[in-house]
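Beneath this line is the structure, given in structure tokens, with notes to follow.
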Amino acid sequence: MVKDEDIGKVMEILRANVPPHPYKSREPFKVLIATVISQRTKDEVTYTVAEKLFGKYPLPRDLKNAPTDDIAHLIYPAGFYKQKAKKIKEIAKIIDEDYDGKVPDNLEELLKLPGVGRKTANIVLSRCYDKDVIAVDTHVHRISNRLGWVNTKTPEETERELMKVLLKKYWKDINELLVMFGRTICRPVAPKCDVCPIKKYCKYYKENKKG
DNA sequence: AAAACGGGGGC
DNA sequence: GCCCCAGTTTT
């Protein structure tokens, strides 16, 4: 069992040490589209192409009427550009026509949008609407298991278990903190445990440290 | 359950 | 040159 006190310490240390998340906007439509672009894509390239896209097509109505080929061209470096362009255009159309230009603020409606799965939806709910959800991506899944906070196979399982283990006040920030921590220190392969600021709280470190 | 989608960056 | 990346959809 993990102690609340240790989790509190870990969160405190991460807040102090982890670089800030690169995408500042909390505008739901921009976060939604940027998050779709970010799927299986590094965040630097995601946010540079997202800004280019919004520079030319700022609103749902603009994107709805944009040529799919032009959207694809603008987001090209992010990869999966054809299918993402098509989905972005469809999302823009649905938001503009069915939701009066406003991104829905509940999981059920978000999941109906093309290209929006549980992870993307939860990021929007947490970041833009202050909902009590935990957005579990590969970073959150991996790091939660390494720390020993959960012992799970699938992201869905991780989400359920984390909601039991973590006090609510940590839910909102867990995704952004662990994503940035996962990029810099707690990488999928060859994590930099030697410079990790929370190694004394980490199950993986205790089990793997040498000599 | 596994394949497919994809260019860019790290090593 | 090979592997991975704020996953989702289709087979």
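Lettering follows sequence order; numbering is per chain, from 1. Only a predicted model underlies this, so the values are computations on that prediction, with no experimental measurement involved.
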* Asked: Partners of A:Lys3 by side-chain hydrogen bond (donor to acceptor under 3.5 Å, both in side chains), sequence neighbours excluded?
  ->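 Partners of A:Lys3 under the side-chain hydrogen bond (donor to acceptor under 3.5 Å, both in side chains) test: none.
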
Cut-off 3.5 Å, no hydrogens considered: what does the side-chain donor-acceptor table look like for residues 53-61 of chain A, sequence neighbours left out?
| residue | atom | partner | partner atom | Å |
| --- | --- | --- | --- | --- |
| A:Lys56 | NZ | A:Asp70 | OD2 | 2.8 |
| A:Tyr57 | OH | A:Asp70 | OD2 | 2.4 |
| A:Arg61 | NE | A:Asp96 | OD1 | 3.2 |
| A:Arg61 | NE | A:Asp96 | OD2 | 3.4 |
| A:Arg61 | NH2 | A:Asp96 | OD1 | 3.1 |

* **First-last contacting nucleotides on DNA chain C - partner chain A, under 4.0 angstrom, heavy atom** =>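 Both ends considered, the range comes out as C:dC4 to C:dT9.
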
* Taking the side chain from A:Lys119 and the backbone from A:Gln39, do they hold a donor-acceptor pair closer than 3.5 Å? ->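 Between the backbone of A:Gln39 and the side chain of A:Lys119 there is no qualifying donor-acceptor contact (under 3.5 Å).
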
* **Exam field: side chain A:Ser126 to backbone A:Lys172, donor-acceptor pair closer than 3.5 Å** =>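 Yes, the answer is positive, given that a donor and an acceptor are paired below the 3.5 Å cut-off.
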
On a whole-Å scale, what distance lies between the [atom1] atoms belonging to [N] and [M]?
{"N": "C:dA6", "M": "B:dC11", "atom1": "P", "value": "14 Å"}
{"N": "C:dC3", "M": "B:dA3", "atom1": "P", "value": "15 Å"}
{"N": "B:dG6", "M": "C:dT10", "atom1": "P", "value": "13 Å"}

* A:Thr152 and A:Asn145: side chain donor to acceptor below 3.5 Å ->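 A pair is found: one side chain offers a donor N or O, the other an acceptor, under 3.5 Å apart.
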
* To do: Could you tell me whether the side chains of A:Thr41 and A:Thr46 share a donor-acceptor contact shorter than 3.5 Å?
  =>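 Note: A:Thr41 and A:Thr46 side chains miss the donor-acceptor criterion.
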
* **Pairs satisfying ring-ring contact (aromatic ring centres under 6.0 Å, His included), at least one member in residues 61-81 of chain A, at least two apart** =>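 For residues 61-81 of chain A, and leaving out neighbouring residues, the ring-ring contact (aromatic ring centres under 6.0 Å, His included) pairs sorted by first residue read A:Tyr76-A:Tyr81.
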
* Any pair counted as ring-ring contact (aromatic ring centres under 6.0 Å, His included), so long as it reaches residues 115-148 of chain A, sequence neighbours left out ->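 Non-adjacent pairs meeting ring-ring contact (aromatic ring centres under 6.0 Å, His included): zero.
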
* **side-chain hydrogen bond (donor to acceptor under 3.5 Å, both in side chains): pairs with one or both residues in residues 7-24 of chain A, sequence neighbours excluded** =>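 Listed once each, the pairs are A:Arg15-A:Asp173, A:Tyr23-A:Glu51.
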
* Asked: NZ of A:Lys82: more than 12 outside heavy atoms within 6.0 angstrom?
  ->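 No, because the 6.0 Å sphere around NZ of A:Lys82 holds 12 heavy atoms or fewer from other groups.
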
* Asked: side chain to side chain contact (heavy atoms under 4.5 Å, CB included) with A:Lys168: which residues, sequence neighbours excluded?
  ->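 Side chain to side chain contact (heavy atoms under 4.5 Å, CB included) list for A:Lys168, sorted by chain: A:Asp132, A:Trp171.
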
* Structure fact -> Symbol by symbol from the 5' end, with Watson-Crick or G-U pairs under 3.5 Å, [ ] crossing and | another strand, DNA chain B is |||||.|||||

* **Members of residues 134-165 of chain A that approach DNA chain B, where some heavy atom sits under 4.0 Å away** =>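 Correct list: empty, so none.
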
For residues 104-111 of chain A, tabulate all N or O donor-acceptor pairs below 3.5 Å that involve a side-chain atom, not counting sequence neighbours.
| residue | atom | partner | partner atom | Å |
| --- | --- | --- | --- | --- |
| A:Asn106 | OD1 | A:Glu108 | N | 3.4 |
| A:Asn106 | OD1 | A:Glu109 | N | 2.9 |
| A:Glu109 | OE1 | A:Tyr99 | OH | 2.4 |

* Summary of protein contacts for nucleotides 3-11 of chain B, nucleotide by nucleotide, where a base hit scores B, a sugar-phosphate-only hit scores S (4.0 Å, heavy atoms) -> --BBSB--S

* Asked: Start at the 5' end of DNA chain C and walk down; is the nucleotide closest to A:Tyr23 or to A:Val116 reached first?
  ->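 Its nearest nucleotide lies further toward 5', so the answer is A:Tyr23.
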
Got a list of side-chain donor-acceptor pairs under 3.5 Å for residues 85-95 of chain A, not counting sequence neighbours?
| residue | atom | partner | partner atom | Å |
| --- | --- | --- | --- | --- |
| A:Lys89 | NZ | A:Ala66 | O | 2.8 |
| A:Lys93 | NZ | A:Glu97 | OE1 | 3.2 |
| A:Lys93 | NZ | A:Glu97 | OE2 | 3.3 |

